[in-house]
J.: 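There's a structure below that I have some questions on.
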Amino acid sequence: MWSVIKSVLAAFFGVQRDQQRREDFEKGNPVAFIVTGIVMALILVGLLALVAFLAAG
């Protein structure tokens, strides 16, 4: 699971190596990447909302 998280984080920041991306597509489970990406996106949005709330208050 750690490799899926690392790959999703690298994709979020746009720094994933081409070889790693190919390996993910060939050997990875797409559902794991999709679910991990959605959860991480929700966490990011939540953190941004928290920072905005704290900055405004």
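Remember, predicted model here, so these are calculated numbers, not experimental data. This chain uses plain numbering: 1 for the first residue, then up along the sequence.
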J.: So if you build clusters from Ile, Leu, Val, Met, Phe, Trp, Tyr with side-chain heavy-atom gaps below 4.5 Å, do Val15 and Trp2 land together?
T.: yes
J.: Please tell me whether Leu42 and Ile34 are part of a single hydrophobic cluster in this structure, the criterion being side-chain heavy atoms less than 4.5 Å apart.
T.: yes
J.: Let me confirm one number: the CG-CD distance from Leu9 to Gln16, rounded to the nearest 0.5 Å.
T.: 10.5 Å
J.: Is there a path of hydrophobic side-chain contacts, each under 4.5 Å between heavy atoms of I/L/V/M/F/W/Y residues, joining Ile5 to Val8?
T.: yes
J.: Do any pairs count as a salt bridge (Lys or Arg N to Asp or Glu O under 4.0 Å) and have a residue in residues 22-41, sequence neighbours left out, and if so which ones?
T.: Asp18-Arg22
J.: Please round to the nearest 0.5 Å and tell me the distance separating atom CZ of Phe12 and atom OG1 of Thr36.
T.: 9.5 Å
J.: Minimum heavy-atom separation for Phe33 to Ser7, with atom names?
T.: CE2-CB, 3.8 Å
J.: Just distance, no hydrogens or angles: give the donor-acceptor pairs under 3.5 Å from side chains in residues 43-57, sequence neighbours left out.
T.:
none

